[in-house]
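The block underneath contains the structure these notes are about, expressed in structure tokens.
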Amino acid sequence: MIQEQLRQIYRLLLDSFGPQHWWPGQTRFEIMVGAILTQNTSWSNVAKAIANLNAAGCLEPTALHALDTGELETLIRPAGYFRLKAKRLRNFTQWLFDEYEGNLARLDEIDTHRLREELLGISGIGPETADSILLYALDRPVFVVDAYTARVAVRHGLIEPELTYEMLQDLFASNLEADVSLFNEYHALLVHVGKDFCKPKPRCSTCPLESLPRTVECAGAT
Ligand code: SF4
């Protein structure tokens, strides 16, 4: 039942929006940096920070790790919370150099569970960021969930509102084939529907998921 509902949501969103081509980024390291910078800001702001880092030749581990903190803060300023995010990037590259000599290829030798635990052990890296890095930068079949995912799932009665990140992730991970391409596309589609339709005040009447059963609180919304 849940499996069919999840497949139906995916099909409707994909038919309506088409492939989302996530994650925007030329290299694995750029995707990792983007996943850290995108916390609490729009992607357009992140893109400016990424462009600054790229222009400064700092979108690779050694150069970013060696960058002076003040310079790093200046380059990523457009992404907002730049002091906090500079610290998080520092923590991330410190881990990468302490544990893997700054060599991204060595991450490929580590199993997904251990890697996730290590990422979550880095100060400032939460589950959504860790899972985004695992899925989009490292091609691991890890389903990424966020506030948009929660909103859509709750409003369609797939899960109770009192959910945790792990419960929501498990809803998708245990009912879908563990496929990197599917997980990649599905999360991107949920972000799209969340941003454009499933807002705090939902726009159900024009949403691609309008035909699906919804919870009472949302049933009359337009
Ligand atoms: S806007 Fe309405 S139809 Fe669309 S995902 Fe949200 S609850 Fe469902």
Side-chain angles (χ1 to χ4, degrees), residues 1-25 31 34-47 79-81 116 126-137 139-222:
M1 175 68 174
I2 291 275
Q3 290 172 351
E4 183 46 38
Q5 285 174 289
L6 293 181
R7 277 197 288 265
Q8 205 175 4
I9 288 172
Y10 181 76
R11 275 196 303 271
L12 287 168
L13 293 179
L14 188 62
D15 286 350
S16 179
F17 299 146
Q20 300 296 292
H21 306 294
W22 273 35
W23 181 293
I31 294 170
I36 293 168
L37 291 179
T38 200
Q39 297 166 346
N40 300 311
T41 194
S42 68
W43 184 256
S44 59
N45 291 332
V46 175
Y81 304 98
R116 187 173 194 269
E128 187 185 335
T129 305
D131 291 341
S132 296
I133 289 171
L134 288 168
L135 176 63
Y136 290 105
D139 291 330
R140 305 299 177 98
V142 175
F143 202 94
V144 182
V145 296
D146 61 3
Y148 296 123
T149 320
R151 205 183 279 158
V152 172
V154 169
R155 286 175 170 173
H156 285 277
L158 300 170
I159 195 165
E160 295 296 321
E162 297 77 27
L163 54 84
T164 62
Y165 184 96
E166 284 70 27
M167 287 160 65
L168 186 59
Q169 182 176 52
D170 186 59
L171 171 75
F172 288 85
S174 61
N175 287 293
L176 296 169
E177 186 191 346
D179 179 276
V180 171
S181 302
L182 173 67
F183 285 8
N184 176 325
E185 196 63 55
Y186 209 146
H187 174 63
L189 290 165
L190 286 168
V191 170
H192 189 149
V193 77
K195 274 188 177 158
D196 288 358
F197 298 94
C198 208
K199 295 165 178 272
K201 185 177 179 193
R203 299 179 176 172
C204 298
S205 62
T206 53
C207 178
L209 304 186
E210 188 274 335
S211 60
L212 300 183
R214 298 191 292 277
T215 55
V216 176
E217 69 179 275
C218 185
T222 56

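For this chain, numbers begin at 1 and follow the sequence in order. In listed order, ligands and their atoms are each counted from 1.
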Going by the 4.0 angstrom heavy-atom rule, the piece of His156 near ligand 1 is side chain

Taking only non-hydrogen atoms of Phe197 and a 4.0 Å limit, the atoms of ligand 1 in range are 1 (S)

Note: Lys199, heavy atoms under 4.0 Å from ligand 1, region reported as neither

Within 4.0 Å of some non-hydrogen atom of Pro202, the atoms of ligand 1 are 1 (S)

Query raised in the report: Within the side chain of Asp170, is there an N or O that forms a donor-acceptor pair under 3.5 Å with the backbone of Glu166?
Result: no

Would Glu4 and Arg11 pass as an ion pair if we require N to O under 4.0 Å?
yes

Self-check item: N/O/S atom of Cys207 inside 2.8 Å of atom 4 (Fe) of ligand 1, strictly under
Solution: yes

_Contact check, side chains of Cys207 and Val193, non-hydrogen atoms, under 4.5 Å_ = yes

Check: Do we see a donor-acceptor contact under 3.5 Å between the side chains of Gln5 and His156?
Finding: no

Within 4.0 Å of some non-hydrogen atom of Arg155, the atoms of ligand 1 are 7 (S)

When every non-hydrogen atom of Val180 is compared with those of Asp139, the smallest separation belongs to CG2-O, 3.2 Å

Open item on the list: Checking Asp146 against Thr149: is there a side-chain donor and acceptor pair closer than 3.5 Å?
Closed with: yes

message = Counting backbone and side-chain atoms alike, is an N, O or S atom of Cys198 positioned under 2.8 Å from atom 2 (Fe) of ligand 1?
response = no

